[in-house]
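Have a look at the structure below, then the notes.
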2 protein chains.
Amino acid sequence: MTYRYDHPRPALTVDCVVFGLDEGDLKLLLVQRSQEPFRHRWALPGGLVGMEESAERAARRELEEETGVRDVYLEQLYTFSAVDRDPRERTISIAYYALVKMTDHVVRAATDAGGAAWFSVTDAQDLAFDHDLIVHTACERLRGKLRYQPIGFELLPEKFKLSQLQRLYEVVLGTPLDKRNFRKKILAMDLLRPLDEVEQGVAHRAARLYRFDSRRYQELRRRGFNFEL
Amino acid sequence: MTYRYDHPRPALTVDCVVFGLDEGDLKLLLVQRSQEPFRHRWALPGGLVGMEESAERAARRELEEETGVRDVYLEQLYTFSAVDRDPRERTISIAYYALVKMTDHVVRAATDAGGAAWFSVTDAQDLAFDHDLIVHTACERLRGKLRYQPIGFELLPEKFKLSQLQRLYEVVLGTPLDKRNFRKKILAMDLLRPLDEVEQGVAHRAARLYRFDSRRYQELRRRGFNFEL
(Lines give C-alpha, C1' and ligand atoms only; values in the text may rest on other atoms or scores of the structure.)
Protein backbone atom coordinates (compact mmCIF):
# COMPACT_ATOMS: atom_id res chain seq x y z
CA MET A 1 0.00 0.00 0.00
CA THR A 2 1.27 3.45 -0.85
CA TYR A 3 -0.02 6.90 0.00
CA ARG A 4 0.06 9.69 -2.56
CA TYR A 5 0.17 13.43 -2.09
CA ASP A 6 0.36 16.40 -4.46
CA HIS A 7 3.25 17.88 -2.49
CA PRO A 8 6.19 16.14 -0.83
CA ARG A 9 5.79 15.68 2.93
CA PRO A 10 8.37 15.44 5.68
CA ALA A 11 8.24 12.42 7.97
CA LEU A 12 6.97 13.41 11.40
CA THR A 13 8.37 11.81 14.54
CA VAL A 14 8.44 12.29 18.31
CA ASP A 15 11.41 11.94 20.66
CA CYS A 16 11.35 11.58 24.44
CA VAL A 17 13.90 13.00 26.86
CA VAL A 18 13.20 11.19 30.13
CA PHE A 19 15.33 12.36 33.02
CA GLY A 20 15.60 10.01 35.97
CA LEU A 21 16.66 11.01 39.40
CA ASP A 22 18.43 8.59 41.67
CA GLU A 23 20.15 9.37 44.95
CA GLY A 24 22.90 11.55 43.63
CA ASP A 25 22.75 11.79 39.88
CA LEU A 26 20.63 12.92 36.96
CA LYS A 27 20.15 10.12 34.44
CA LEU A 28 18.79 9.92 30.93
CA LEU A 29 16.82 7.05 29.40
CA LEU A 30 18.29 5.89 26.09
CA VAL A 31 17.73 3.07 23.61
CA GLN A 32 20.33 1.45 21.42
CA ARG A 33 19.61 1.48 17.70
CA SER A 34 19.52 -1.91 16.02
CA GLN A 35 19.32 -0.53 12.47
CA GLU A 36 21.04 1.94 10.21
CA PRO A 37 21.51 4.84 10.26
CA PHE A 38 23.48 5.17 13.51
CA ARG A 39 23.31 1.40 14.10
CA HIS A 40 24.49 0.46 17.62
CA ARG A 41 24.48 4.13 18.66
CA TRP A 42 22.35 5.25 21.57
CA ALA A 43 19.35 7.47 20.90
CA LEU A 44 16.27 8.96 22.50
CA PRO A 45 13.20 6.72 22.49
CA GLY A 46 10.80 7.83 19.76
CA GLY A 47 9.25 7.11 16.39
CA LEU A 48 6.67 8.09 13.80
CA VAL A 49 3.44 9.86 14.73
CA GLY A 50 0.43 7.80 13.66
CA MET A 51 -2.50 9.35 11.75
CA GLU A 52 -4.98 8.68 14.54
CA GLU A 53 -3.03 9.94 17.52
CA SER A 54 -1.81 13.31 18.78
CA ALA A 55 1.93 13.84 18.99
CA GLU A 56 1.81 13.53 22.78
CA ARG A 57 0.03 10.21 22.57
CA ALA A 58 2.58 9.02 20.02
CA ALA A 59 5.37 10.00 22.42
CA ARG A 60 3.79 8.04 25.29
CA ARG A 61 3.24 5.03 23.03
CA GLU A 62 6.77 5.00 21.65
CA LEU A 63 8.26 5.46 25.10
CA GLU A 64 6.39 2.46 26.44
CA GLU A 65 7.05 0.31 23.38
CA GLU A 66 10.77 0.97 23.37
CA THR A 67 11.57 1.15 27.08
CA GLY A 68 8.60 -0.20 29.05
CA VAL A 69 8.34 3.14 30.87
CA ARG A 70 4.75 4.33 31.18
CA ASP A 71 2.54 6.72 33.09
CA VAL A 72 4.94 9.64 32.99
CA TYR A 73 3.90 13.23 32.49
CA LEU A 74 5.49 14.31 29.22
CA GLU A 75 5.76 18.01 28.53
CA GLN A 76 6.39 19.37 25.05
CA LEU A 77 9.94 20.64 24.72
CA TYR A 78 10.53 21.91 21.20
CA THR A 79 10.09 20.88 17.57
CA PHE A 80 13.31 20.23 15.67
CA SER A 81 13.10 20.87 11.95
CA ALA A 82 16.60 21.40 10.53
CA VAL A 83 16.57 20.21 6.94
CA ASP A 84 19.46 17.74 7.34
CA ARG A 85 18.75 16.27 10.76
CA ASP A 86 17.99 12.77 9.40
CA PRO A 87 20.31 11.37 6.68
CA ARG A 88 17.53 9.21 5.20
CA GLU A 89 14.94 11.84 4.42
CA ARG A 90 13.43 15.06 5.64
CA THR A 91 12.17 14.39 9.16
CA ILE A 92 10.72 16.80 11.69
CA SER A 93 10.59 15.74 15.32
CA ILE A 94 8.45 17.01 18.18
CA ALA A 95 10.44 16.46 21.38
CA TYR A 96 8.93 15.85 24.83
CA TYR A 97 10.56 15.66 28.22
CA ALA A 98 9.82 14.34 31.68
CA LEU A 99 11.51 14.09 35.06
CA VAL A 100 10.80 10.85 36.92
CA LYS A 101 11.97 8.93 39.93
CA MET A 102 14.13 6.18 38.47
CA THR A 103 13.12 3.62 41.04
CA ASP A 104 9.45 4.00 40.02
CA HIS A 105 10.10 2.64 36.55
CA VAL A 106 11.30 -0.71 35.30
CA VAL A 107 13.18 -0.36 32.04
CA ARG A 108 12.74 -3.15 29.54
CA ALA A 109 13.94 -2.91 25.94
CA ALA A 110 11.66 -3.75 23.02
CA THR A 111 12.35 -7.14 21.49
CA ASP A 112 13.64 -5.57 18.27
CA ALA A 113 15.85 -2.98 19.98
CA GLY A 114 19.48 -3.29 20.99
CA GLY A 115 18.72 -2.27 24.53
CA ALA A 116 17.32 0.39 26.82
CA ALA A 117 19.17 1.83 29.80
CA TRP A 118 19.73 4.81 32.07
CA PHE A 119 22.86 6.84 31.41
CA SER A 120 24.37 9.57 33.50
CA VAL A 121 23.53 12.80 31.63
CA THR A 122 27.21 13.67 31.47
CA ASP A 123 27.93 10.33 29.74
CA ALA A 124 25.06 10.64 27.27
CA GLN A 125 27.04 11.96 24.32
CA ASP A 126 27.52 11.15 20.64
CA LEU A 127 23.91 10.14 20.35
CA ALA A 128 22.23 9.36 17.03
CA PHE A 129 20.79 12.10 14.79
CA ASP A 130 20.61 15.53 16.49
CA HIS A 131 19.79 13.96 19.84
CA ASP A 132 22.73 15.64 21.58
CA LEU A 133 21.09 18.94 20.70
CA ILE A 134 17.68 17.76 21.90
CA VAL A 135 19.16 16.61 25.23
CA HIS A 136 21.02 19.90 25.62
CA THR A 137 17.78 21.81 24.99
CA ALA A 138 15.97 19.69 27.57
CA CYS A 139 18.69 20.24 30.20
CA GLU A 140 18.44 24.00 29.68
CA ARG A 141 14.66 23.87 30.03
CA LEU A 142 14.87 21.84 33.20
CA ARG A 143 17.31 24.30 34.78
CA GLY A 144 15.20 27.24 33.68
CA LYS A 145 12.15 25.68 35.25
CA LEU A 146 13.85 24.96 38.55
CA ARG A 147 14.74 28.64 38.78
CA TYR A 148 11.12 29.70 38.59
CA GLN A 149 9.18 27.00 40.35
CA PRO A 150 9.88 24.36 42.94
CA ILE A 151 9.90 21.29 40.73
CA GLY A 152 10.98 17.86 41.74
CA PHE A 153 9.15 17.48 45.04
CA GLU A 154 7.25 14.59 43.49
CA LEU A 155 10.62 12.89 43.07
CA LEU A 156 11.38 12.88 46.79
CA PRO A 157 9.87 10.63 49.46
CA GLU A 158 6.84 12.15 51.16
CA LYS A 159 9.02 12.99 54.14
CA PHE A 160 12.47 14.15 53.28
CA LYS A 161 15.56 15.82 54.69
CA LEU A 162 16.65 19.24 53.48
CA SER A 163 19.90 17.66 52.33
CA GLN A 164 17.92 15.43 49.96
CA LEU A 165 16.15 18.44 48.47
CA GLN A 166 19.43 20.30 48.14
CA ARG A 167 20.97 17.32 46.35
CA LEU A 168 18.04 17.32 43.88
CA TYR A 169 18.64 20.98 43.09
CA GLU A 170 22.37 20.41 42.75
CA VAL A 171 21.88 17.48 40.40
CA VAL A 172 19.47 19.37 38.13
CA LEU A 173 21.45 22.62 38.19
CA GLY A 174 24.72 20.72 37.81
CA THR A 175 26.43 22.83 40.44
CA PRO A 176 27.06 22.57 44.20
CA LEU A 177 25.03 24.94 46.39
CA ASP A 178 25.99 26.51 49.68
CA LYS A 179 24.18 24.58 52.41
CA ARG A 180 23.36 27.52 54.68
CA ASN A 181 22.23 29.73 51.85
CA PHE A 182 20.08 26.99 50.32
CA ARG A 183 18.34 26.25 53.62
CA LYS A 184 17.69 29.89 54.29
CA LYS A 185 16.16 30.53 50.88
CA ILE A 186 14.12 27.37 50.61
CA LEU A 187 12.66 27.80 54.11
CA ALA A 188 11.88 31.45 53.41
CA MET A 189 9.55 30.30 50.62
CA ASP A 190 7.36 28.81 53.31
CA LEU A 191 6.59 25.75 51.22
CA LEU A 192 8.01 23.14 53.56
CA ARG A 193 6.32 21.92 56.71
CA PRO A 194 8.79 20.76 59.37
CA LEU A 195 7.62 17.51 60.95
CA ASP A 196 8.01 16.38 64.54
CA GLU A 197 10.06 13.52 63.18
CA VAL A 198 13.68 12.86 62.50
CA GLU A 199 15.21 10.26 60.24
CA GLN A 200 15.50 6.79 61.68
CA GLY A 201 18.36 4.35 61.98
CA VAL A 202 21.29 6.66 61.53
CA ALA A 203 24.43 6.66 63.63
CA HIS A 204 25.08 10.38 63.25
CA ARG A 205 22.82 13.14 64.53
CA ALA A 206 19.39 12.50 63.00
CA ALA A 207 18.14 15.22 60.61
CA ARG A 208 14.69 16.75 60.79
CA LEU A 209 12.17 15.63 58.18
CA TYR A 210 10.01 17.96 56.08
CA ARG A 211 6.91 17.67 53.95
CA PHE A 212 6.02 19.74 50.85
CA ASP A 213 2.92 21.90 51.34
CA SER A 214 1.24 21.70 47.94
CA ARG A 215 -1.80 23.74 48.99
CA ARG A 216 0.46 26.58 50.03
CA TYR A 217 2.31 26.19 46.75
CA GLN A 218 -0.87 26.56 44.69
CA GLU A 219 -1.82 29.63 46.70
CA LEU A 220 1.58 31.26 46.15
CA ARG A 221 1.43 30.48 42.44
CA ARG A 222 -1.95 32.16 42.16
CA ARG A 223 -0.44 35.25 43.76
CA GLY A 224 2.44 35.26 41.30
CA PHE A 225 5.06 34.40 43.90
CA ASN A 226 8.66 34.10 42.76
CA PHE A 227 10.21 30.78 43.67
CA GLU A 228 13.65 31.61 42.43
CA LEU A 229 16.42 30.42 44.71
CA MET B 1 3.29 15.11 -10.04
CA THR B 2 2.50 13.01 -6.99
CA TYR B 3 4.62 11.87 -4.07
CA ARG B 4 4.30 8.35 -2.68
CA TYR B 5 5.04 7.05 0.78
CA ASP B 6 4.69 3.65 2.46
CA HIS B 7 2.89 5.20 5.41
CA PRO B 8 0.33 8.00 5.46
CA ARG B 9 1.76 11.37 6.46
CA PRO B 10 0.16 14.36 8.16
CA ALA B 11 0.42 17.72 6.43
CA LEU B 12 2.85 19.98 8.27
CA THR B 13 2.21 23.70 8.58
CA VAL B 14 3.39 26.73 10.51
CA ASP B 15 1.27 29.49 12.07
CA CYS B 16 2.44 32.90 13.25
CA VAL B 17 1.07 34.81 16.22
CA VAL B 18 2.38 38.34 15.75
CA PHE B 19 1.51 40.69 18.59
CA GLY B 20 1.74 44.38 17.81
CA LEU B 21 2.01 47.09 20.39
CA ASP B 22 0.58 50.50 19.74
CA GLU B 23 0.15 53.30 22.25
CA GLY B 24 -2.39 51.66 24.44
CA ASP B 25 -3.39 48.29 23.10
CA LEU B 26 -2.10 44.84 22.27
CA LYS B 27 -2.96 43.87 18.70
CA LEU B 28 -2.82 40.69 16.70
CA LEU B 29 -1.99 40.35 13.01
CA LEU B 30 -4.60 38.31 11.12
CA VAL B 31 -5.38 37.38 7.53
CA GLN B 32 -8.79 36.75 6.05
CA ARG B 33 -9.23 33.39 4.37
CA SER B 34 -10.32 33.51 0.74
CA GLN B 35 -10.95 29.77 0.47
CA GLU B 36 -12.80 26.99 2.22
CA PRO B 37 -12.68 25.76 4.89
CA PHE B 38 -13.47 28.79 7.08
CA ARG B 39 -13.83 31.02 4.01
CA HIS B 40 -14.03 34.72 4.97
CA ARG B 41 -13.01 33.91 8.54
CA TRP B 42 -9.91 35.49 10.01
CA ALA B 43 -6.90 33.30 10.74
CA LEU B 44 -3.25 33.39 11.73
CA PRO B 45 -0.81 33.86 8.85
CA GLY B 46 0.78 30.51 7.96
CA GLY B 47 1.05 27.64 5.52
CA LEU B 48 2.86 24.47 4.52
CA VAL B 49 6.48 23.83 5.44
CA GLY B 50 8.59 23.29 2.29
CA MET B 51 11.01 20.37 2.00
CA GLU B 52 14.06 22.61 1.76
CA GLU B 53 13.39 24.98 4.65
CA SER B 54 13.28 24.73 8.43
CA ALA B 55 9.95 25.37 10.12
CA GLU B 56 11.17 28.75 11.34
CA ARG B 57 12.14 29.78 7.84
CA ALA B 58 8.75 28.63 6.57
CA ALA B 59 7.07 30.77 9.23
CA ARG B 60 9.06 33.86 8.21
CA ARG B 61 8.33 33.22 4.55
CA GLU B 62 4.59 32.71 5.06
CA LEU B 63 4.35 35.76 7.29
CA GLU B 64 5.95 37.95 4.66
CA GLU B 65 3.98 36.46 1.78
CA GLU B 66 0.64 36.84 3.49
CA THR B 67 1.06 40.11 5.37
CA GLY B 68 4.17 41.88 4.08
CA VAL B 69 5.62 41.83 7.61
CA ARG B 70 9.30 40.87 7.64
CA ASP B 71 12.40 40.96 9.80
CA VAL B 72 10.67 39.98 13.02
CA TYR B 73 12.18 37.67 15.60
CA LEU B 74 9.89 34.64 15.71
CA GLU B 75 10.11 32.37 18.71
CA GLN B 76 8.72 28.84 18.69
CA LEU B 77 5.55 28.64 20.75
CA TYR B 78 4.15 25.11 20.62
CA THR B 79 3.26 22.38 18.13
CA PHE B 80 -0.45 21.67 17.80
CA SER B 81 -1.28 18.12 16.81
CA ALA B 82 -4.88 17.32 17.78
CA VAL B 83 -6.19 14.76 15.30
CA ASP B 84 -9.22 16.81 14.21
CA ARG B 85 -7.77 20.32 14.11
CA ASP B 86 -8.15 20.63 10.32
CA PRO B 87 -11.42 19.40 8.73
CA ARG B 88 -9.71 18.59 5.41
CA GLU B 89 -7.04 16.21 6.56
CA ARG B 90 -4.64 15.47 9.37
CA THR B 91 -2.52 18.58 9.81
CA ILE B 92 0.07 19.35 12.46
CA SER B 93 1.11 22.94 12.96
CA ILE B 94 4.23 24.41 14.54
CA ALA B 95 3.26 27.81 15.96
CA TYR B 96 5.62 30.78 16.35
CA TYR B 97 5.10 34.11 18.03
CA ALA B 98 6.61 37.56 18.06
CA LEU B 99 6.04 40.91 19.71
CA VAL B 100 6.67 43.90 17.44
CA LYS B 101 6.16 47.62 17.35
CA MET B 102 3.17 48.08 15.05
CA THR B 103 4.43 51.30 13.56
CA ASP B 104 7.59 49.53 12.36
CA HIS B 105 5.65 47.29 10.00
CA VAL B 106 3.52 48.01 6.97
CA VAL B 107 0.82 45.41 6.55
CA ARG B 108 -0.04 44.48 3.01
CA ALA B 109 -2.25 41.49 2.14
CA ALA B 110 -1.17 38.93 -0.44
CA THR B 111 -2.92 39.34 -3.79
CA ASP B 112 -4.82 36.07 -3.31
CA ALA B 113 -5.87 36.74 0.28
CA GLY B 114 -9.01 38.43 1.51
CA GLY B 115 -7.02 40.87 3.62
CA ALA B 116 -4.52 41.34 6.38
CA ALA B 117 -5.05 43.57 9.39
CA TRP B 118 -4.31 44.25 13.04
CA PHE B 119 -7.05 43.32 15.50
CA SER B 120 -7.29 44.13 19.15
CA VAL B 121 -6.47 40.85 20.94
CA THR B 122 -9.79 41.01 22.74
CA ASP B 123 -11.62 41.20 19.40
CA ALA B 124 -9.65 38.38 17.81
CA GLN B 125 -12.16 35.61 18.36
CA ASP B 126 -13.89 32.90 16.33
CA LEU B 127 -10.81 32.43 14.24
CA ALA B 128 -10.42 29.61 11.72
CA PHE B 129 -9.25 26.13 12.75
CA ASP B 130 -7.91 25.97 16.34
CA HIS B 131 -6.39 29.42 16.06
CA ASP B 132 -8.29 30.69 19.12
CA LEU B 133 -6.40 28.08 21.11
CA ILE B 134 -3.08 29.02 19.52
CA VAL B 135 -3.66 32.71 20.32
CA HIS B 136 -4.63 31.86 23.89
CA THR B 137 -1.44 29.81 24.29
CA ALA B 138 0.63 32.69 22.92
CA CYS B 139 -0.99 35.21 25.30
CA GLU B 140 -0.19 32.97 28.25
CA ARG B 141 3.41 32.60 27.10
CA LEU B 142 3.81 36.34 26.68
CA ARG B 143 2.49 37.00 30.18
CA GLY B 144 4.69 34.28 31.65
CA LYS B 145 7.71 35.78 29.98
CA LEU B 146 7.01 39.28 31.21
CA ARG B 147 6.97 37.93 34.75
CA TYR B 148 10.48 36.58 34.48
CA GLN B 149 12.31 39.00 32.27
CA PRO B 150 11.97 42.60 31.24
CA ILE B 151 10.68 42.14 27.71
CA GLY B 152 9.35 44.82 25.50
CA PHE B 153 12.00 47.48 25.92
CA GLU B 154 12.75 47.14 22.23
CA LEU B 155 9.16 48.21 21.63
CA LEU B 156 9.60 51.57 23.33
CA PRO B 157 11.42 54.62 21.97
CA GLU B 158 15.06 54.78 23.04
CA LYS B 159 14.12 57.40 25.62
CA PHE B 160 10.84 56.79 27.35
CA LYS B 161 8.70 57.81 30.29
CA LEU B 162 7.95 55.37 33.12
CA SER B 163 4.29 55.75 32.27
CA GLN B 164 4.96 54.35 28.78
CA LEU B 165 6.72 51.33 30.26
CA GLN B 166 3.91 50.81 32.74
CA ARG B 167 1.37 50.93 29.92
CA LEU B 168 3.33 48.23 28.05
CA TYR B 169 3.21 45.97 31.09
CA GLU B 170 -0.49 46.66 31.60
CA VAL B 171 -1.32 45.89 27.98
CA VAL B 172 0.57 42.60 27.96
CA LEU B 173 -0.63 41.52 31.39
CA GLY B 174 -4.14 42.70 30.61
CA THR B 175 -4.52 44.32 34.01
CA PRO B 176 -3.99 47.79 35.48
CA LEU B 177 -0.98 48.22 37.77
CA ASP B 178 -0.57 50.51 40.73
CA LYS B 179 1.61 53.41 39.60
CA ARG B 180 3.62 53.86 42.79
CA ASN B 181 4.23 50.16 43.23
CA PHE B 182 5.23 49.71 39.61
CA ARG B 183 7.74 52.55 39.74
CA LYS B 184 9.25 51.32 42.97
CA LYS B 185 9.73 47.78 41.68
CA ILE B 186 10.96 48.63 38.21
CA LEU B 187 13.47 51.17 39.54
CA ALA B 188 14.68 48.71 42.18
CA MET B 189 15.77 46.39 39.35
CA ASP B 190 18.36 49.01 38.50
CA LEU B 191 17.86 48.48 34.77
CA LEU B 192 16.76 51.98 33.87
CA ARG B 193 19.10 54.94 33.56
CA PRO B 194 17.41 58.25 34.35
CA LEU B 195 18.36 60.90 31.80
CA ASP B 196 18.89 64.60 32.36
CA GLU B 197 16.04 65.16 29.98
CA VAL B 198 12.33 65.56 30.21
CA GLU B 199 9.73 65.11 27.55
CA GLN B 200 9.25 68.02 25.20
CA GLY B 201 6.24 69.95 24.04
CA VAL B 202 3.76 69.05 26.76
CA ALA B 203 1.49 71.48 28.55
CA HIS B 204 1.45 69.57 31.83
CA ARG B 205 4.48 68.98 34.03
CA ALA B 206 7.09 67.26 31.85
CA ALA B 207 8.02 63.71 32.88
CA ARG B 208 11.58 62.49 33.24
CA LEU B 209 12.92 60.28 30.47
CA TYR B 210 14.71 56.95 30.99
CA ARG B 211 16.89 54.65 28.96
CA PHE B 212 17.15 50.85 29.24
CA ASP B 213 20.60 49.67 30.36
CA SER B 214 21.09 46.52 28.32
CA ARG B 215 24.63 45.89 29.56
CA ARG B 216 23.38 45.90 33.13
CA TYR B 217 20.55 43.60 32.04
CA GLN B 218 22.97 41.03 30.56
CA GLU B 219 25.04 41.17 33.74
CA LEU B 220 22.01 40.56 35.94
CA ARG B 221 20.85 37.70 33.73
CA ARG B 222 24.23 36.02 34.08
CA ARG B 223 23.90 36.25 37.84
CA GLY B 224 20.45 34.68 37.74
CA PHE B 225 18.65 37.83 38.84
CA ASN B 226 14.90 37.67 39.22
CA PHE B 227 13.08 40.29 37.19
CA GLU B 228 9.63 39.50 38.44
CA LEU B 229 7.56 42.54 39.17
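Chain letters run A, B, ... following the sequence lines, proteins first, then strands; residues in each count from 1. Note that this is a predicted model, so its numbers are computed, not measured.
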Problem set entry | Contact leader toward chain B among Asp84(A), Val83(A), Ile94(A), Thr79(A), where contacts are heavy-atom pairs under 4.5 Å | Thr79(A)
For this session: Evaluate whether atom CZ of Arg108(A) has more than 12 neighbouring non-hydrogen atoms of other residues, nucleotides or ligands under 6.0 angstrom away.
Result: no
Problem set entry | Residue part contacting chain A, namely of Leu77(B), when any heavy atom lies under 4.5 Å | neither
Exercise. Of all of Glu52(B), Arg85(B), Arg9(B), Arg4(B), which one pairs up most often with chain A through heavy atoms under 4.5 Å apart?
Worked result: Arg9(B)
Seminar exercise, completed: Shortest non-hydrogen pair, Tyr5(B) vs Pro8(A), comes out as OH-CA, 3.3 Å
Problem set entry | Within 6.0 angstrom of Arg180(A) CZ, more than 12 heavy atoms from elsewhere | no
Problem set entry | Parallel, tilted or perpendicular: rings of Phe19(B) and Tyr97(B) (30°, 60°) | perpendicular
For this session: Measure distances from Ala11(B) to the heavy atoms of chain A and classify the residue's part below 4.5 Å as side chain, backbone, both or neither.
Result: both
For this session: Tell me, for Phe80(B) versus chain A, whether the close heavy atoms (under 4.5 Å) come from the side chain, the backbone, both or neither.
Result: neither
Exercise. What part of Met51(B) is in contact with chain A, defined as an atom under 4.5 angstrom from a non-hydrogen atom: side chain, backbone, both or neither?
Worked result: both
For this session: For the residue pair Tyr217(A) and Phe212(A), categorise the inter-ring angle as parallel (less than 30°), tilted (30 to 60°) or perpendicular (more than 60°).
Result: tilted
For this session: Verify the neighbour count for atom CZ of Arg88(A): are there more than 12 heavy atoms of other residues, nucleotides or ligands below 6.0 Å?
Result: yes
Problem set entry | Structural part of Glu89(B) lying under 4.5 Å from a heavy atom of chain A | side chain
For this session: Tell me, out of Arg57(A), Glu53(A), Glu56(A), who's got the most heavy-atom pairs with chain B below 4.5 Å.
Result: Glu53(A)
